[in-house]
Amino acid sequence: MRKLRTVRGVNDLLPYELHKHNIVVNAGLEISEKYNYSQIEIPIFEFSEVFTKPLGKSSDIVTKENYIFKDRSEDELMLRPEGTSGVVRAFLNAGLIQDLPQRFSYNGPMFRYERPQKGRLRQFKQLGVECLGLSSPMADIEVMSLGHDFLDKLNILDKITLKINSLGDFDSRKNYRDSLVNYLRDYQSKLSKDSLRRLSINPLRILDSKNEEDQKIIQNAPSIFEYLNIDSKTRIEDVCKGLDHLNIKYQIDKNLVRGLDYYCHTAFEFTTNELGTQGTVLAGGRYDGLSKMLGGPDVPGVGWAAGIERLALMVQSEFVNAIDVVLVGQCENFNYLLLPIMKKLIQEGIKSEIIYTGNFSKKFKRANKIKASYAIILGKEEIDKKVFKFKDLTSGFEELLNLNQIIKKLKN
RNA sequence: GCGGGUGUAGCUCAGUUGGUUAGAGCGCGGGUUUGUGGUACCUGAGGUCGCCGGUUCGAAGCCGGUCACUCGCCCCA
């Protein structure tokens with residue numbers, strides 16, 4: 001038979017892998033809930049505008065990485081490449097603007113048509129939080145603290161660095177952008193091909209170029225901090241102050257830029273160097289203009305998204321699928337007698353499996369393989385005496401007991 | 001979209017300058033064991049050598065193409 005395969009960059013998740021994903025998701029949802037972020041679920045695809053308007057025409061996510069298609073009614077739809085736009089759209093649709101602030105958490109698959117790499121897939125999962133309706137820098141600090149606690153819960157904080165920057169408000173950013181472009185124009189001949197392209201599309205991106213020549217040029221480039229107006233400047237100072245109060249370590253990275261148009265002011269990334277080039281594990285920032293871009297009223301917002309696959313790669317945890325007890329009968333007919341026994345055990349919260357086939361030898365081999373702790377054995381002798389043989393598979397000790405006695409022992 | 005590396009059994013990998021029937025370990029099945037597992041021994045199954053084409057008397061190994069994986073770039077979580 002010819003092997004069927006999955007679509008490139010779209011992977012199966014087998015139990016031992018899903019196990020780590022679940023650790024990540026559960027930790028994220030739990031800590032979010034404690035911070036009073038309520039779980040929300042939004043569609044996996046939307047009208048394309050939901051994403052194209054906020055993300056910006058210059059972003060690759062919109063121009064070349066999208067999964068766009070038309071449905072039977074000729075509506076142009078898009079598989080979601082990220083979560084924030086959809087959450088804000090849902091928030092606006094539900095009229096929750098009447099009841100601010102709103103705090104949401106979400107998790108689920110996102111889709112980007114990219115070249116797959118380690119920690120980067122075409123269908124990948126994100127877990128994120130959004131805090132809507134608070135313009136105070138306190139909200140920025142809050143979501144970063146939440147992200148920090150999340151990574152702490154996963155026991156990977158020692159491998160993580162938090163980098164923050166301010167992109168300023170719209171005016172500051174515009175002024176800075178102009179002066180940066182002005183500066184870079186003088187070096188046009190020396191800039192890398194990629195950066196040259198970015199010069200007209202998204203000049204801020206040149207700041208985090210990995211090209212060595214570019215790096216040299218950038219070193220003497222004007223800094224965003226020189227162009228922050230008072231409001232923007234105090235904001236980033238307040239954010240730093242808050243992090244200090246929480247004893248959260250961070251680095252100011254003036255070259256940290258966000259790729260998506262809707263970001264402003266605070267931008268941050270939790271990164272690791274354990275995952276090769278895909279080091280960003282949780283990232284976000286403030287997006288005060290997003291709601292307006294979607295056609296809604298001005299609503300300030302701040303949030304982040306974390307890559308579940310990337311975090312799962314860092315989590316240390318082995319998948320052990322052990323079982324409390326197996327039930328083995330002497331012959332196939334006894335399986336019927338074992339069914340209600342298994343049901344009872346399961347009702348008592350005891351993980352059980354009847355081993356249906358094979359002779360005793362085979363059944364015990366399987367019991368061993370699936371890491372069973374105990375076996376309940378039912379043969380002719382036991383039926384005559386109206387008991388079960390209960391075996392401790394670690395010690396090999398066997399005794400004749402009735403079901404209630406067995407349950408008592410198993411629950412100890 | 002661009003560049004590098006890789007592709008042999010379920011998994012990890014050998015396979016000499018191209019040579020006849022492609023191997024190992026682990027795992028899997030059967031047995032030694034007709035009421036008892038782990039250990040040990042015996043034994044068996046499992047391969048279009050990613051795919052297509054070319055060179056050759058002969059290709060797992062060489063050449064071209066293609067697909068997939070992987071690392072980096074772009075981009076991003």
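Residue numbers begin at 1 in each chain, while the letters A, B, ... track the order of the sequences. Excluded from the calculations below are hydrogen atoms, water molecules and symmetry mates; all remaining heavy atoms, backbone and side chain alike, are included.
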Provide the distance between the two [atom1] atoms, one in [N] and one in [M], to the nearest whole Å.
N: U55(B); M: G61(B); atom1: P; result: 15 Å
N: G58(B); M: G3(B); atom1: C1'; result: 36 Å
N: G10(B); M: C28(B); atom1: P; result: 15 Å
N: C74(B); M: A68(B); atom1: P; result: 23 Å
N: A14(B); M: G47(B); atom1: C1'; result: 15 Å
N: G50(B); M: C67(B); atom1: C1'; result: 8 Å
N: A60(B); M: A77(B); atom1: P; result: 47 Å
N: U70(B); M: C63(B); atom1: P; result: 25 Å

Side chain proximity check, [X] to [Y], heavy atoms < 4.5 angstrom:
X: Leu132(A); Y: Pro101(A); answer: no
X: Phe104(A); Y: Tyr37(A); answer: no
X: Thr266(A); Y: Met144(A); answer: yes
X: Thr271(A); Y: Ile160(A); answer: no
X: Ser105(A); Y: Leu29(A); answer: yes
X: Phe69(A); Y: Leu79(A); answer: yes
X: Phe150(A); Y: Leu311(A); answer: yes

Distance-only donor-acceptor pairs under 3.5 Å for side chains of residues 378-389 of chain A, two or more places apart:
unit_1	atom_1	unit_2	atom_2	d
Glu382(A)	OE1	Gly379(A)	N	2.8

Write down the protein N/O and nucleotide N/O pairs, taken from nucleotides 68-71 of chain B, whose separation is under 3.5 Å; answer none if there are no such pairs.
unit_1	atom_1	unit_2	atom_2	d
C69(B)	OP2	Arg8(A)	NE	2.9
C71(B)	OP2	Lys118(A)	N	2.7

| task | Give the stems involving RNA chain B, where a stem is 3 or more consecutive Watson-Crick or G-U wobble pairs (i with j, i+1 with j-1, and so on) under 3.5 Å. | result |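 When the pairs of RNA chain B are grouped into runs of at least three, the stems are B:1-7 with B:67-73, B:10-13 with B:23-26, B:28-32 with B:40-44, B:50-54 with B:62-66.
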| Under-3.5 Å donor-acceptor pair between Arg197(A) side chain and C74(B) base |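 By the distance-only test, no, there is no pair.
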Rounded to the nearest angstrom, tell me the gap between atom [atom1] in [X] and atom [atom2] in [N].
X: Ile323(A); N: G38(B); atom1: CD1; atom2: P; result: 18 Å
X: Leu311(A); N: A77(B); atom1: CG; atom2: P; result: 13 Å
X: Gln215(A); N: C73(B); atom1: CD; atom2: C1'; result: 14 Å
X: Asn211(A); N: C73(B); atom1: CG; atom2: C1'; result: 10 Å
X: Leu282(A); N: A77(B); atom1: CG; atom2: P; result: 10 Å
X: Tyr16(A); N: C11(B); atom1: OH; atom2: P; result: 10 Å
X: Glu114(A); N: G72(B); atom1: CD; atom2: P; result: 14 Å
X: Ile206(A); N: C74(B); atom1: CD1; atom2: P; result: 12 Å

| Nucleotide by nucleotide, 5' to 3', does protein get under 4.0 Å of the base (B), only the sugar-phosphate (S), or neither (-) in nucleotides 26-37 of chain B, counting heavy atoms? | --S-SS---BBB
| task | Scan Ala283(A) against the nucleic acid and name what it touches under 4.0 Å (heavy atoms): base, sugar-phosphate only, or nothing. | result |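 Result for Ala283(A) = sugar-phosphate.
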| task | For Leu121(A), answer base if it contacts any base atom (sugar-phosphate contacts may also be present), sugar-phosphate if it contacts only those atoms, and nothing otherwise; contact means non-hydrogen atoms under 4.0 Å. | result |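 Touches a base.
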| Has Tyr183(A) got more than 12 heavy atoms of other residues, nucleotides or ligands less than 6.0 Å from its OH? |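 It does: Tyr183(A) OH has more than 12 such atoms within range.
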| Closest nucleotide of RNA chain B for Ala305(A) versus for Asp208(A): which of these residues is on the 5' side? |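 Result of the comparison: Asp208(A).
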| Given RNA chain B, 5'-ward residue of the pair Arg122(A) and Ser209(A), judged by closest heavy atom |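 With Arg122(A) and Ser209(A) compared, the 5'-side residue is Ser209(A).
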| message | With a 4.0 Å cut-off on N to O distance, would you call Glu309(A) and Lys125(A) a salt bridge? | response |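 Answer for the salt bridge query: no.
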| said: Please enumerate all residues that pass side-chain contact (heavy atoms from CB on, under 4.5 Å) together with Asp149(A), with sequence neighbours excluded. | reply: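 Partners of Asp149(A) under the side-chain contact (heavy atoms from CB on, under 4.5 Å) test: Ile31(A), Tyr35(A), Ser145(A).
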| query | Within 45° of the axis and under 6.0 Å from the centre of the six-membered ring of Tyr113(A), does NZ or CZ of Arg122(A) qualify? | reply |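 Yes.
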Side-chain donor-acceptor contacts of residues 285-292 of chain A below 3.5 Å, not counting sequence neighbours, with atom names and distances?
unit_1	atom_1	unit_2	atom_2	d
Arg286(A)	NE	Asp140(A)	OD1	3.1
Arg286(A)	NE	Asp140(A)	OD2	3.2
Arg286(A)	NH1	Leu134(A)	O	3.2
Arg286(A)	NH1	Asp288(A)	OD1	2.8
Arg286(A)	NH2	Leu134(A)	O	3.1
Arg286(A)	NH2	Ser136(A)	O	3.3
Arg286(A)	NH2	Asp140(A)	OD1	2.6
Tyr287(A)	OH	Glu130(A)	OE1	2.5
Asp288(A)	OD1	Gly301(A)	N	3.2
Ser291(A)	OG	Pro297(A)	O	2.5

| In G38(B), glycosidic geometry as syn within 90° of 0 or anti otherwise |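 For G38(B), whose glycosidic angle is more than 90° from 0, the conformation is anti.
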